[in-house]
Amino acid sequence: MLQLYFTPGPSAIYPTVNLHIKEALRKGYLSDSHRSATFKGIYKETEDNLRMLLGIPDNFSILFTSSANEIWERLVQNTVGKKSLHLVNGAFSKRFAEIAAEYGKETIIYNAEEGSVVSPDTIKADNEVELVAITHNETSTGVSQPIEDIISIRKKFPQALIAVDAVSSLPIVELPYDQIDSAYFSVQKCFGLPAGLGVWIVNDRCIKKAEELESKKIITGSYHKLLAMAKKAEDHQTIETPNVLGIYLLGKVVGDMLNKGIGQIRNETLYKAGVLYYGLQTHPLLNPFVKNEKLRSNTVCIFETNDKSIEIINFLKAKSMVIGSGYGSFKNNHIRIANFPATGKEQIEMLTDKLNDFQ
């Protein structure tokens, strides 16, 4: 029996990926040069579909990297001369702040209690801050920063660049692109693709900042410098030989999502999250880690397990269902359940039933 994956990355593969891989092989795309017209067409289709699905304005470029982790480094190199500010609400937002510090930047860190978010009211305005880093959906703790908080932070930092980590929430979240300057994600989560591709969305303000830093002889990177990447992207090209298959599959899956309708995908995600949170509310062992319902992630649902994580994981594995363990220090007392578009309503309902069988 095939296993059902509810893991938060790598995650379940989107149902149409198998067909798209076969088509890529049949057409010989994986052997074509990345300088060919064929690849330019693949890049353009993927970019066009992403713009349509996510509502990305024309003043944003869409770039491809090896992962979202790489984008942390690229943002620091290309947009921060001296000072960045980081909202830390879990392990991944913390790691971004650490990378900025490792590059010798002055890092201002606002820490939230685990399972919560930093309130914009506690953040002091600072005209010297060049980049504000916000993690919309913290995959390690299952907490989600409300969009209205991002808008409030923009008002405090009108000159700074705002970068949003939407690794485990795009395309479910509708980002306010008029209020931010960069967003990024990895394909192995909500887009249901094999790992190995990051997508970096940057506007003209980011590019202008990179130009400013380079004019001051500040090193903004080596082979992956923002200015060089953006220049190549204008011609639907990449600096290096890219993950052609990943870019092709992303374009095709996003096309499938467009055909289904982003509204329906978002509504289904809300329904499935409700099945999990409310279907398990009377469970004697499981409790949502994020206590404030308004801050609970709809895409990475995390439950406290009363130190029964390993038993629950093994119980489900015996029934061909694979869920995620807690992250880091929460490994033994959390479970993480991915609620991504690749997972159907019936699968989430079945998982909830099986979890209720574990007492």
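- Considering every non-hydrogen atom in both Ile207 and Ser61, the closest pair reads CD1-OG, 4.0 Å.
- Between Glu214 and Thr220, the side chains place a donor N or O and an acceptor N or O closer than 3.5 Å (distance only, hydrogens not considered).
- The nearest pair of heavy atoms linking Leu285 to Asn306 is CD2-ND2, 3.8 Å.
- A donor-acceptor contact under 3.5 angstrom links the side chains of Asn203 and Asp181, judged on distance only.
- Aromatic ring centres of Phe39 and Tyr29 lie farther apart than the 6.0 Å criterion allows.
- Hydrophobic cluster membership differs between Val17 and Leu4, with clusters built from Ile, Leu, Val, Met, Phe, Trp and Tyr side chains linked at under 4.5 angstrom.
- The only option from Thr135, Leu75, Thr139, Leu170 that meets the side chain to side chain contact (heavy atoms under 4.5 Å, CB included) definition with Asp165 turns out to be Thr135.
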Report task. Kindly determine whether Glu211 and Lys208 satisfy salt bridge (charged side-chain N to carboxylate O under 4.0 Å, His left out), including the steps that lead there. Result -> CA-CA 5 Å; Glu211 290 173 342; Lys208 184 177 180 181; over 6 Å; no
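- Both the sub-6.0 Å distance and the 45° axial angle are not jointly satisfied by Lys354 relative to the ring of Phe358.
- Tyr5 contributes atom OH, which lies 13.5 Å from atom CD1 of Ile323 (distance to the nearest 0.5 angstrom).
- Applying the salt bridge (Lys or Arg N to Asp or Glu O under 4.0 Å) test between Glu130 and each of Lys83, Lys105, Lys209 identifies Lys209 as the sole match.
- Looking at Thr299, its side chain does come within 3.5 Å of a backbone N or O of Ser168 through a donor-acceptor pair.
- One distance of note links CD of Glu128 with OG of Ser84; it measures 12.5 Å at 0.5 Å rounding.
- Tyr103 and Glu73 share a side-chain donor-acceptor pair at under 3.5 Å.
- Listed for the Ser93 side chain is a donor-acceptor partner under 3.5 Å among the backbone atoms of Asn89.
- By the side chain to side chain donor-acceptor pair (under 3.5 Å) test, Glu304 is found to be paired with Lys291, residues two or more places apart in sequence or in another chain being considered.
- Hydrophobic clustering, with ILVMFWY side chains joined whenever heavy atoms are under 4.5 angstrom apart, groups Val118 together with Ile108.
- Evaluated for a side chain to side chain contact (heavy atoms under 4.5 Å, CB included) with Tyr327, the options Arg336, His334, Glu138 yield exactly one hit, Arg336.
- Note on Glu174 versus Arg266: salt bridge recorded, some NZ/NE/NH1/NH2 to OD/OE distance being below 4.0 Å.
- Under a cut-off of 6.0 angstrom, the local environment of CG in Asn314 is crowded, with over 12 non-hydrogen atoms contributed by other residues, nucleotides or ligands.
- The distance from atom OH of Tyr110 to atom CD1 of Ile134, rounded to the nearest 0.5 Å, is 12.5 Å.
- Of the listed residues (Leu161, Val129, Leu131), just one forms a side chain to side chain contact (heavy atoms under 4.5 Å, CB included) with Val80, and that residue is Leu131.
- Ion pairing between a basic and an acidic side chain is recognised when a charged N comes within 4.0 Å of a carboxylate O; Glu70 and Arg74 show such pairing.
- One distance of note links CZ of Arg35 with CG of Asp235; it measures 9.5 Å at 0.5 Å rounding.
- Counting only distance, with no hydrogens or angles, the side chain of Arg154 and the backbone of Ala160 share a donor-acceptor pair below 3.5 Å.
- Residue-environment remark: NZ (Lys231) stays at or below the threshold of 12 foreign heavy atoms within 6.0 Å.
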Query raised in the report: Which is it for Lys44 and Glu47 under the salt bridge (charged side-chain N to carboxylate O under 4.0 Å, His left out) test, yes or no, and what are the steps along the way?
Result: CA-CA 5 Å; Lys44 186 178 186 306; Glu47 178 184 346; over 6 Å; no
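- Residue Tyr223 qualifies as enclosed at atom OH: its count of foreign heavy atoms under 6.0 Å is above 12.
- Glu349 and Tyr271 share a donor-acceptor pair across their side chains, judged by distance under 3.5 Å alone.
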Show me the side-chain donor-acceptor pairs of residues 185-194 shorter than 3.5 Å, one per line, residues at least two apart or across chains.
residue	atom	partner	partner atom	Å
Ser186	OG	Ala68	N	3.2
Lys189	NZ	Pro8	O	2.7

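- Annotation: the span from Gln347 atom CD to Asn339 atom CG amounts to 11.0 Å, rounded to 0.5 Å.
- Among Trp200, Tyr184, Tyr43, the single residue meeting the ring-ring contact (aromatic ring centres under 6.0 Å, His included) criterion with Phe64 is Tyr43.
- Of the N and O atoms on the side chains of Ser297 and Asn137, at least one donor lies less than 3.5 Å from an acceptor on the other residue.
- In this structure Glu102 satisfies the side chain to side chain donor-acceptor pair (under 3.5 Å) test together with Arg95, sequence neighbours excluded.
- In this structure, Phe96 and His86 have perpendicular ring planes: the angle between them is above 60°, well past the 30° mark.
- Under a 4.0 Å N-O distance rule, the pair Glu268/Lys272 does not qualify as a salt bridge.
- Side chain to side chain, His224 and Gln77 fail the donor-acceptor criterion of an N or O pair below 3.5 Å.
- For the residue pair Ile302 and Ser140, the shortest heavy atom distance occurs at CD1-O, 3.5 Å.
- Taking CZ of Phe340 as the start and OG1 of Thr7 as the end, the distance is 8.0 Å to the nearest 0.5 Å.
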